[in-house]
2 protein chains.
Amino acid sequence: MTEALQLHLGAFARLTDDDRARLARIAARHVREIGPRRDLVREGEKPRAMILILDGWAATYKQLRDGRRQITSFLIPGDPGDANVFVLARLDHSIASITPVRYAELSQADFDALVVESPSIARALWGHELATASIHREWVLNVGQRTAFERIAHLVCELFWKLEAVGLTQGFRCDWPLTQADIAEATGLTSVHVNRTLQQMRREGLIEIAGRKLAILNLARLQCVASFNPDYLHLGGGAADLGSSSRQGQ
Amino acid sequence: MTEALQLHLGAFARLTDDDRARLARIAARHVREIGPRRDLVREGEKPRAMILILDGWAATYKQLRDGRRQITSFLIPGDPGDANVFVLARLDHSIASITPVRYAELSQADFDALVVESPSIARALWGHELATASIHREWVLNVGQRTAFERIAHLVCELFWKLEAVGLTQGFRCDWPLTQADIAEATGLTSVHVNRTLQQMRREGLIEIAGRKLAILNLARLQCVASFNPDYLHLGGGAADLGSSSRQGQ
DNA sequence: CGGCAGATTGATTGGGGTCAAGGGCTGTGG
DNA sequence: CCACAGCCCTTGACCCCAATCAATCTGCCG
């Protein structure tokens, strides 16, 4: 199931059938599986391979010596971990699974071959890297300026749009394997406060989380209170139009 | 004076004299100057060119509709703005000068030529992009988990190391054109609280800021209280060693 | 039927925000 | 060379959002 991967990268460059086949072939090469809540790679390690998430959710995180942890992004099916591997000496962050995860490992040789053989794929990977940086900037804004309520609303919007882009939503519902502690680590809050804030969002008829599933009851209003503008996700061609229309919602 | 640029990119790939000449030539092509506190490019614009800072300080920032502003990175001489230009449809952030700034604009044609003619430069730009993403992750950690005191100490360390890498320090001193409001916008604090925190850092004999100049009085201790580990800056070969030694300081 | 992870609740605290008023430096114009 | 303006820094008093601490509750799994 590399469909998500295709969809994801397809947002950044027009891929030919040939490209798609190539991607599928390489992604099928070194597939691994791992249980929930385990590290795929660890900060400080010498990078061995680039990771492509095929199935399940993961998170990248950084940690201070005293235990404070900050999740810096979530990885869903189709997301490449970053290409640190091929230029930088050491990994600056860890990646951990949230659910059980199936993922592919691209060796440097695989990566080089892919990039040389297909300029489109190279361009798509480049685009993905830029989009990732953009998302990181939005997270800095999120954690630096927004209130708890806005932060969580924003995170929910972001993940919903990302899932939507790879076909993993059903109407206004989707999987939601994150614990309140996960949300806390991603937003720089405590799980206690996340709990109270989620209750408030439920009371206001914005969202509903139950049984590892999320339902968005009022997307327009959720995006409005989060001052969420999906442009920063750079989700393919349609994004610009959707973005401008959602801006009016504010 | 493209020396800083050479030094900066040289950290990510071995550049030949030829590469250096090429860089210097292109950077000299479209040079512009701009006064302090003005926007170089604005969020939402269609990107026209990639920016290379030749002289002066700038900041990238994002803004919410109600005026809350978050600085997401500082640009010093030698820093390229990111290469959004060539893949993404719209800029997701603005860039503003802090001091008067001299900068070069690379058109897409310039960029393509550079990348095609020199794989080393392409690799260096790629490396810079990855390092930028890494710095963003550290900022998320900074704003999400650290206390005000730690955040500011961390920011000071980061800028000092970056300046050092391009030869813009004198011993433990360097230029410091940032106002307390700038620091506040970069750390997600208010300028009032930045003020009080800086006073505390001065009282504790860590740093001294006066007349747009910074003096670091005790770098080891400053890095320690900030839990600063320079690895994430990916500053060329030496960084790994320096990083591990500074880790012992903790 | 325990055991455990995750969700929930209450009471209390505290870091940092807000508001408002001065103080100082520096550049500019007279 | 002085005077004023504007930006920045500084200070004080007060407030509030979110953290902390400490149970309790719930649902799931073996």
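Just so you know, these numbers use all the heavy atoms, side chains as well, and skip hydrogens, waters and symmetry mates.
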List the atom of [X], the atom of [Y], and the distance in Å for their closest heavy-atom pair.
X	Y	value
A:Leu40	A:Arg48	O-NH2, 4.5 Å
A:Cys174	A:Leu168	CB-O, 3.8 Å
A:Lys162	A:Asp79	NZ-OD2, 3.1 Å
A:Gln70	B:Gly144	OE1-CA, 3.5 Å
A:Ala96	A:Asp39	CB-OD1, 3.4 Å
A:Gly56	A:Pro77	O-CD, 3.3 Å

For nucleotides 10-12 of chain C, give me every protein contact, N/O to N/O, under 3.5 Å, one pair per line with atom names.
residue : atom : partner  : partner atom : Å
C:dG10  : N7   : A:Arg196 : NH1          : 3.2
C:dG10  : O6   : A:Arg196 : NH2          : 3.2
C:dA11  : N6   : A:Arg196 : NH2          : 3.0

Check your understanding: Through what angle, rounded to 10 degrees, does the axis of the helix from C:dC1-D:dG30 to C:dA21-D:dT10 turn between its ends, using five pairs per end?
Key -> 40°
Review point. Is the CZ atom of B:Arg38 crowded by more than 12 outside heavy atoms at less than 6.0 Å?
Key: no
**Study point:** Atom CZ of A:Phe149 with >12 non-hydrogen neighbours under 6.0 angstrom
**Key:** yes
Review point. With a non-hydrogen cut-off below 4.0 angstrom, is A:Leu189 in contact with a base, only sugar-phosphate, or nothing?
Key: sugar-phosphate
Check your understanding: Which is true for B:Thr190 with a 4.0 Å heavy-atom rule: it touches a base, it touches only sugar-phosphate, or it touches nothing?
Key -> base
Exercise for review: Could you check which residues of residues 142-152 of chain A get a heavy atom under 4.0 Å from DNA chain D? Sort them by number, please.
Suggested key: A:Thr147, A:Ala148
Check your understanding: For DNA chain D, which residues in residues 200-211 of chain B have a heavy atom at a distance below 4.0 Å?
Key -> B:Arg202
Review point. Would you say B:His234 and B:Ser134 make side-chain contact, with heavy atoms under 4.5 Å?
Key: yes
**Study point:** Rounded distance in Å - CZ (A:Arg212) to C1' (C:dG6)
**Key:** 7 Å
Exercise for review: Give the rounded distance in Å between these two atoms: CZ of A:Arg68 and P of C:dG15.
Suggested key: 13 Å
Check your understanding: What pairs with B:Glu150 under salt bridge (charged side-chain N to carboxylate O under 4.0 Å, His left out), at least two apart in sequence or on another chain?
Key -> A:Arg68
Of all pairs that satisfy salt bridge (Lys or Arg N to Asp or Glu O under 4.0 Å), the ones with a partner from [range], not counting sequence neighbours:
range	value
residues 130-142 of chain B	A:Lys62-B:Glu138, A:Asp82-B:Arg137, A:Asp92-B:Arg137, B:Glu138-B:Arg146
residues 186-206 of chain A	none
residues 210-222 of chain A	A:Asp175-A:Lys213

Check your understanding: Given B:Glu45 and B:Arg90, is the salt bridge (Lys or Arg N to Asp or Glu O under 4.0 Å) satisfied, shown in steps?
Key -> CA-CA 6 Å; B:Glu45 276 178 1; B:Arg90 304 241 157 246; over 6 Å; no
Check your understanding: What residues form a ring pair (Phe, Tyr, Trp, His ring centres under 6.0 Å) with B:His154, not counting sequence neighbours?
Key -> B:Phe228, B:Tyr232
Review point. Does C:dT8 have OP1 or OP2 sitting under 4.0 Å from an N or O in the side chain of A:Asn195?
Key: yes
Check your understanding: Do we see a donor-acceptor contact under 3.5 Å between the side chains of B:Trp161 and B:Gln223?
Key -> yes
Review point. Who are the side-chain hydrogen bond (donor to acceptor under 3.5 Å, both in side chains) partners of B:Ser97, not counting sequence neighbours?
Key: none
What N/O pairs connect the protein and nucleotides 23-25 of chain C at under 3.5 Å? Give each pair on its own line.
none

Practice item. Could you list where the contact with chain B starts and ends along DNA chain D, reading 5' to 3', using a 4.0 Å heavy-atom cut-off? Key: D:dC8 to D:dA13
Practice item. Answer yes when B:Arg69 and B:Asp182 have at least one side-chain N-carboxylate O distance shorter than 4.0 Å, and no when they do not. Key: no
